[in-house]
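Right, one structure below, let's go through it.
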Amino acid sequence: MPAESEHTRYARVVVDSRLPQLDRLFEYRVPPGMTGVEAGVRVRVPLRGDRMTTGWVVETTSERAWEGEVADVEKVISPVPVLQPEVWALARAVAERAAGGVADVLRVAIPGRQARIEKQWLAAERAALPALPALAAAFAGAASLSGLVEDRRRVALECAGGVAEVTDGEGEAVWVGRWAITLAGLARQAIERGEQALIVVPDHRDQRQLRIALTAAVGAERVVELDARQKNPERYRGFLRCLDGDPIAIIGPRSAVYAPAARLGLLMIWEDGDPLLSEPLSPWVHARDAALVRQGQTGCALLLAAHARSTDAERLVELGFLEHERAGTHRVRVLPSALTDDDRRVPASAFRAARDALQSRPVLVQVARPGHAPGLRCGDCGARGRCAFCGGPLGQRSRGAAPSCRLCGRLAAAWRCPHCQGQRLVEVGRGSMRVAEELGRAFPGVPVMVADGEHERLTIDAKPRLVVATRGAEPLADGGYGAVLLLDGESLLSREGLRVGEEAVRQWATARALAADGATIVLTGVGGAASSAITGDTTVPFAKAELAERRSLRFPPAVRTASVVGHPDAVAEALEVLGEVEHLDVLGPVPAPAEVVKGSREGELERAIARFAYADGARVAGIARGRVLASAARPRRPGAPPRLRIRLDDPEPFDGL
């Protein structure tokens with residue numbers, strides 16, 4: 001290594017690696033004459049011997065922190081500071097909270113480099129943004145939430161349903177949910193102050209509506225989308241646009257919560273109870289939790305908005321961290337099954353509501369499952385039909401189609417029951433295709449449309465028709481639906497899982513929000529608290545009751561949890577150290593299902609659940625990370641599962657409650 005001088009510079013780099021033992025800053029020497037090594041840029045550096053890897057420069061300094069031999073930075077990959085200080089601070093805090101690696105968070109936060117787009121961005125002249133457009137009449141009734149941005153308020157907003165008409169970027173009249181207009185109006189407040197607004201949504205359906213509403217509120221030039229569904233160049237262009245610091249609205253799914261917004265004035269999460277906002281990759285951080293950390297770091301205004309209040313948001317309201325607000329009104333008539341006149345699958349009152357609405361408007365029919373028959377059973381012994389290859393449930397996509405596995409897709413043409421050796425399968429339940437066939441016979445001459453995972457439809461016009469849709473796939477109708485039939489209520493609530501009731505209410509509230517003012521909503525097969533949550537004006541009492549029950553049982557979100565999975569000795573060692581935390585209690589250990597950890601065999605691993613208070617989160621996360629690092633340092637056979645994995649706030653163990 002060349003001799004060092006008083007002018008030698010050093011770069012502290014976080015390397016892009018999934019190995020927990022490499023989750024720290026590495027120090028490298030900046031070779032004399034090398035330019036562009038600044039905080040935030042991508043670099044290539046040696047890791048072990050001649051092995052090279054990429055990383056991000058966190059800081060540069062003239063003082064050495066490492067006493068051993070220091071290698072040189074190999075190359076500056078890009079001069080663009082993609083790792084902004086606020087993103088680094090957020091990623092580090094989120095990783096520490098979740099006992100994970102900061103590089104895993106940065107991999108989600110920073111898209112891959114696109115050299116051509118980068119060169120265009122570097123060469124482009126920054127033009128002044130046009131003046132904000134005048135607000136259309138549709139925004140007049142949107143909630144102003146006075147002082148939200150100026151006073152940096154933190155609000156849990158319950159949005160009423162309904163749809164409204166706005167003008168898109170091409171001057172065409174388009175219908176969107178009123179919630180999107182409300183959020184777009186609030187984003188404009190931040191932009192008017194010269195700040196940035198960041199809005200995180202669960203999926204592309206919500207993102208489309210919000211983009212249209214934002215375009216009408218602030219202009220297309222001030223709307224930036226960050227979405228993994230975009231082509232890589234398009235996504236990277238949007239990411240670089242955020243670096244300019246202009247007063248813009250940034251929208252996207254869960255990963256957008258890490259957008260590089262240095263002048264963040266308002267951070268909003270839409271439908272924080274939607275499972276799609278939970279990151280499926282390590283360290284598995286929910287967008288809501290990342291937003292709470294970011295708000296604490298920046299002091300920006302925070303809004304958790306939804307049609308149905310989540311128990312997580314309700315906990316924050318009861319703690320006084322969030323204020324409760326309600327926006328808008330939506331006048332509909334809801335008929336629960338207890339008020340219908342028979343117990344048939346589609347009650348007579350639902351038929352009457354559909355028949356009356358079909359005189360002028362489309363009608364939405366929400367069902368639980370896609371396909372023809374969601375399930376199949378043995379016709380001889382009644383055992384559930386399962387795939388001989390993977391054990392997944394068998395179903396039937398359409399009438400007359402061969403049975404196939406709903407998990408791996410393999411056909412079960414030669415199926416034989418493992419219990420009685422029977423070969424006859426019978427249908428169980430009704431999927432979207434079967435319901436569409438039945439309604440087609442019940443309403444002759446009325447067009448029937450199916451909207452599910454295989455038949456995606458984002459919007460429909462206002463012509464009378466029946467739309468049979470699975471949960472989450474409901475298209476938006478121009479002017480709203482004349483009636484909404486919520487079928488399979490009993491089926492939804494009979495599933496196993498801690499959040500079954502909460503999730504059902506959220507999905508029903510989402511479908512109800514698509515109805516036109518004055519429409520009739522029919523909820524079948526449901527009574528009690530879940531029914532009251534939909535028939536009433538607010539879902540807050542339901543969220544309060546759910547939270548109170550979980551608090552008495554010490555279930556999330558009343559407490560935080562850590563799932564400890566691994567070899568029995570590693571689990572025992574981790575639990576022994578975690579046992580030092582006061583008020584922490586442990587459920588288990590029990591044999592872990594093989595699907596919990598990739599590469600494991602049935603019965604090879606154990607799982608325990610540690611429950612602890614939010615106040616002890618930092619200590620538990622530190623202990624968990626230490627045990628994972630110690631376990632990773634031990635040798636293991638190639639392809640073997642890790643000896644220990646600890647995931648904080650893991651929802652999977654509670655899905656079967």
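- Partners of Ala305 according to the side-chain contact (heavy atoms from CB on, under 4.5 Å) rule, which considers only residues two or more places apart in sequence or in another chain, are Leu157, Cys159, Leu183, Trp270, Leu303.
- For the atom pair Leu322 CG and Arg315 CZ, the distance stands at 9.5 Å (nearest 0.5 Å).
- Sorted by first and then second residue, the pairs that involve residues 75-84 and meet side-chain hydrogen bond (donor to acceptor under 3.5 Å, both in side chains), not counting sequence neighbours, are Ser78-Glu118.
- Using a 4.5 Å heavy-atom cutoff, the side chains of Leu122 and Val80 are in contact.
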Exercise. When you look at Arg42 and Asp16, which way does the salt bridge (charged side-chain N to carboxylate O under 4.0 Å, His left out) test go after all the steps?
Worked result: CA-CA 10 Å; Arg42 282 189 175 100; Asp16 187 2; over 6 Å; no
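- Contact annotation: the side chain of Leu226 never approaches that of Tyr258 to less than 4.5 Å [non-hydrogen atoms, C-beta and beyond].
- With Arg126 contributing its side chain and Ala124 its backbone, the two residues share a donor-acceptor pair below 3.5 Å.
- To the nearest 0.5 Å, the span separating CD on Gln120 from CZ on Arg237 amounts to 6.0 Å.
- A cation-pi geometry, defined here as NZ or CZ lying under 6.0 Å from the six-membered ring centre and within 45° of its normal, holds between Arg24 and Phe26.
- A distance of 10.0 Å separates OG1 in Thr311 from CZ in Arg551, rounded to the nearest 0.5 Å.
- Contact detail for Val37 and Val41: the closest heavy-atom pair is CA-CG2, 4.4 Å.
- Among residues at least two apart or in separate chains, side-chain hydrogen bond (donor to acceptor under 3.5 Å, both in side chains) pairs with a member in residues 211-226 are Gln207-Glu225, Arg211-Glu225.
- For the pair Arg645 and Trp284, the cation sits on the ring face: its NZ or CZ lies under 6.0 Å from the ring centre, inside 45° of the axis.
- Not a single donor-acceptor pair under 3.5 Å links the side chain of Arg64 to the backbone N or O of Arg29.
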For this session: Assess whether side-chain contact (heavy atoms from CB on, under 4.5 Å) is satisfied between Glu86 and Gln297, documenting all intermediate values.
Result: CA-CA 8 Å; Glu86 68 275 6; Gln297 291 179 335; over 6 Å; no
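- For the pair Glu74 (side chain) and Met52 (backbone), a donor-acceptor distance under 3.5 Å is absent.
- With hydrogens and angles disregarded, a donor-acceptor distance shorter than 3.5 Å links the side chain of Asp227 to the backbone of Arg229.
- Of all the heavy atoms in Gln196 and Ala262, the pair that sits closest is OE1-N, 3.4 Å.
- In summary, Glu325 and Arg153 engage in a salt bridge, as defined by a charged side-chain N under 4.0 Å from a carboxylate O.
- Contact record, Thr561 with Arg611: CG2-CG, 4.1 Å, taken as the closest heavy-atom pair.
- Between the side chain of Arg550 and the main chain of Phe555, no donor-acceptor pair closer than 3.5 Å is present.
- Electrostatic pairing of Arg152 and Glu195 counts as a salt bridge here, judged by a charged N lying under 4.0 Å from a carboxylate O.
- Scanning both residues, Ala558 and Leu547, for their nearest heavy atoms gives N-CD1, 4.4 Å.
- Atoms OH and CD, from Tyr236 and Gln230 in turn, are 14.0 Å apart once rounded to the nearest 0.5 Å.
- For the pair Asp274 (side chain) and Leu276 (backbone), a donor-acceptor distance under 3.5 Å is present.
- Side chains of Leu578 and Val586 form no contact here, defined as non-hydrogen atoms less than 4.5 Å apart.
- Electrostatic pairing of Asp104 and Arg107 counts as a salt bridge here, judged by a charged N lying under 4.0 Å from a carboxylate O.
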For this session: Might you work through the side-chain contact (heavy atoms from CB on, under 4.5 Å) test for Glu323 and Leu145, ending with a clear yes or no?
Result: CA-CA 11 Å; Glu323 306 172 49; Leu145 288 181; over 6 Å; no
Exercise. Run the salt bridge (charged side-chain N to carboxylate O under 4.0 Å, His left out) check on Glu573 and Arg643 step by step: do they pass?
Worked result: CA-CA 11 Å; Glu573 292 172 1; Arg643 287 182 51 79; 5.6 Å; no
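- Under the 3.5 Å distance criterion, the side-chain polar atoms of Glu59 are left unmatched by any main-chain donor or acceptor of Arg12.
- Not a single donor-acceptor pair under 3.5 Å links the side chain of Arg627 to the backbone N or O of Ala574.
- Without hydrogens or angle criteria, His286 side chain to Arg288 main chain gives a donor-acceptor distance under 3.5 Å.
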Problem set entry | side-chain contact (heavy atoms from CB on, under 4.5 Å) assessment of Arg154 paired with Leu316 | CA-CA 10 Å; Arg154 302 185 298 257; Leu316 295 172; over 6 Å; no
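- Atom CZ of Arg554 sits in a crowded spot, with more than 12 heavy atoms from other residues, nucleotides or ligands closer than 6.0 Å.
- Rounded to the nearest 0.5 angstrom, Asp585 CG and Phe612 CZ are separated by 11.0 Å.
- Annotation: side chain of Arg647 is not in contact with side chain of Pro653 (no heavy-atom distance under 4.5 Å).
- To the nearest 0.5 angstrom, Met268 atom CE is 8.0 Å from Leu148 atom CG.
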For this session: Output, in order, the C-alpha distance, side-chain angles, deciding distance and verdict of side-chain contact (heavy atoms from CB on, under 4.5 Å) for Ile251 and Val201.
Result: CA-CA 7 Å; Ile251 59 174; Val201 295; 5.9 Å; no
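- Within the 4.5 Å cutoff, the side chain of Arg499 has heavy atoms near those of the Pro557 side chain.
- Here the side chain of Trp56 pairs no donor or acceptor atom with the backbone of Leu83 at under 3.5 angstrom.
- The side-chain heavy atoms of Glu192 and Pro247, taken from C-beta on, include no pair separated by under 4.5 Å.
- Looking only at side-chain heavy atoms (C-beta outward), Ile250 and Arg241 stay at 4.5 Å or farther from each other.
- For Trp179 and Asp206, the side-chain atoms include no donor-acceptor pair closer than 3.5 Å.
- Side-chain contact between Thr53 and Leu22 is absent, with no heavy atoms from C-beta onward closer than 4.5 Å.
- Of all heavy-atom pairs between Leu575 and Pro589, the closest is CD1-CD, 4.4 Å.
- Nearest heavy-atom pair, Leu90 versus Ala290, reported as atom, atom and distance to 0.1 Å: CD1-O, 3.7 Å.
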